[in-house]
Amino acid sequence: MKILVPVKRVIDYNVKVRVKSDNTGVETQNVKMSMNPFDEIAIEEAVRLKEAGKATEIIAVSVGPSQCQETLRTAMAIGADSGILIETDETVEPLNVAKLLKAVVDEQSPDIVIMGKQAIDDDSNQTGQMLSTLLGWGQATFASKVELEDGSAKVTRELDGGLETLSIKTPCIITTDLRLNEPRYASLPNIMKAKKKPMETKSPSDYGVEISNRLEILKVEEPAARAGGITVPDVDTLIDKLKNEAKVI
Amino acid sequence: MSILVIAEHDNQSIKDATLSTIAAAKEIGGDITVLVAGQGCDGAAQAASQIEGVSTVLKADDASLSHNLAENLAPLVADTVKSKGCEHVLAPGSTFGKGFLPCVSALLDVQQLTDIIGVEGADTFKRPIYGGQAIATVKTSDAIKVMTVRATAFDKVAASGGSASVEDLGGASNSGLSSFVGQELSVSERPELTSAGVVVSGGRGVGSSDDFKIIEALADKLGAAVGASRAAVDSGYISNDHQVGQTGKVVAPELYIAVGISGAIQHLAGMKDSKIIVAINKDEEAPIFQVADYGLVADLFDAAPALTEKL
């Protein structure tokens, strides 16, 4: 069984994002970049399936600038066997990413695609669902537990009101939620080994996909700041303020 | 203009997030049709017909639609959009909407917008990016505009006062790609987290699932929903459907009380639009105090029970 794991390079989740002063976007110069955390969970899940003898091969794929090679090397250090970089300096919207990934699936014929439920930069939460539809495959989004069975996968999903379990036929798309697993830290020997693993570089046109964006970002702003509050000395004052000043209780 | 809103419902009633989604549709302006897809969903369809501002309710009642399976729901929605000539398609930005709407977008070859928080025009919308650390104003060139709506950003329309017609919609079929196995829904007498007027949340400082009862007692005194930080959920103090934050639920109640929560960016992204924020934390340096209207530097094990008793 072959697993494809798409990974995205994003601003590290610990970085406080700053809006550019000309409001055209956010500052990415000299900012720490990392693998999207949900994608790390996806790689980890694939590696665990391989370690359990259920998967035989893991291919990581990324779409973006040449620096995404680092993201792919990280995926290989965690345990992916090879990487494909679809190199472009343009912004690629989720629908186009899904079209590119469909072409990679057609070429590589994986049995399962495991990917993050959303990237923490544009917070779209769309690509996995779009890919499943473009492929005509079943999907299980927001997975917190994955069990592979013969010809199907049993996936527990995190919904707003609790948990739901679906059975989906393979091949299928699974998108990961936070609690599916805790990704391992790549060990130094594995980081060294990852440098020797095969990586291909392609372009969107190699896959016959033209990147035509539909969205125009008119401006990017800081969210409205909250006015500073006050410190109250005790519980009685707090209750008084909530009742008589804020009038919320 | 013709707008299609996909209702989130439980077959009997309409979820509040749907009412906020219809409010966003009203801001866009146009004729609003609500699709209620489910099994045995007549009650929900009738409830939808009473909602203010809705002109038509389409009821798709079929066994294949019983569990919102995206593979069955998305083609029905896409076909409806085409046959009715809808220019906008809106769904709540809940796990329901986020699960199936991108499939509709793929079928229609549309680049969807996720979680809009403002309507600037028929083709221009505001949406949060980077977990709410920035707000983007985005213009779409797609002829059909497909989007999920962040419920907390729009005031609910009235659930009554409307008199829409209810039409049966056929055409549902089972893709056979996925099937429902089971569910474990959280059962609670407390209000729903994302639509509650008051939310009391506990963080790592609470220390154990036993001590989370302090949070629950305060919530019950206020008729509030119970929330939690990611740290509290990861530590196993409470189940993950209570998580407030970038990767959990986004809430914006009248009153949000954060107890023993330090205020990581991740958590603030989920609650900073609350009207009044109260923070109780013994660490006066905790970042939560920077967004709090009222901060109380105190040990939560003294302050929270005292608050419960004196309210």
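Predicted, not measured: the structure shown is a model, and the values here were computed from it.
- For a residue to count as touching a neighbouring chain, one of its non-hydrogen atoms must lie under 4.5 Å from one of that chain's; by this rule E192(B) does not touch chain A.
- The interface of residues 235-249 of chain A with chain B, defined by heavy-atom distances below 4.5 Å, comprises V235(A), D236(A), L238(A), I239(A), K241(A), L242(A), E245(A), A246(A), V248(A), I249(A).
- For T165(A), the parts lying near chain B are the backbone and the side chain together; criterion is any non-hydrogen pair under 4.5 Å.
- Annotation: residues 141-151 of chain B contacts chain A through S141(B), D142(B) [non-hydrogen atoms, separation under 4.5 Å].
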Salt bridge (charged side-chain N to carboxylate O under 4.0 Å, His left out), that's the test. Do D109(B) and K99(A) meet it? Break it down for me. CA-CA 10 Å; D109(B) 195 39; K99(A) 287 177 181 176; 2.8 Å; yes
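- Of the two parts of K126(B), only the side chain, counted from C-beta on, holds a non-hydrogen atom closer than 4.5 Å to a non-hydrogen atom of chain A.
- At a 4.5 Å heavy-atom cutoff, the contact between A306(B) and chain A is made by backbone and side-chain atoms alike.
- With a threshold of 4.5 angstrom between heavy atoms, T124(B) approaches chain A through side-chain atoms but not through N, CA, C or O.
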Result block: side-chain N/O donor-acceptor pairs under 3.5 angstrom for residues 9-18 of chain A, not counting sequence neighbours:
{"residue": "D12(A)", "atom": "OD1", "partner": "S34(A)", "partner atom": "OG", "Å": "2.5"}
{"residue": "D12(A)", "atom": "OD2", "partner": "N14(A)", "partner atom": "N", "Å": "2.9"}

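- Proximity to chain B involves both the backbone and the side chain of L166(A), based on heavy atoms less than 4.5 angstrom apart.
- Residue contact with chain A, scored on non-hydrogen atoms closer than 4.5 Å, involves the backbone and the side chain of Q112(B) alike.
- Contacts of L193(B) with chain A are absent, with no heavy-atom separation under 4.5 Å from either backbone or side chain.
- Of residues 297-304 of chain B, those residues lying under 4.5 Å from chain A by any heavy-atom pair are V297(B), A303(B).
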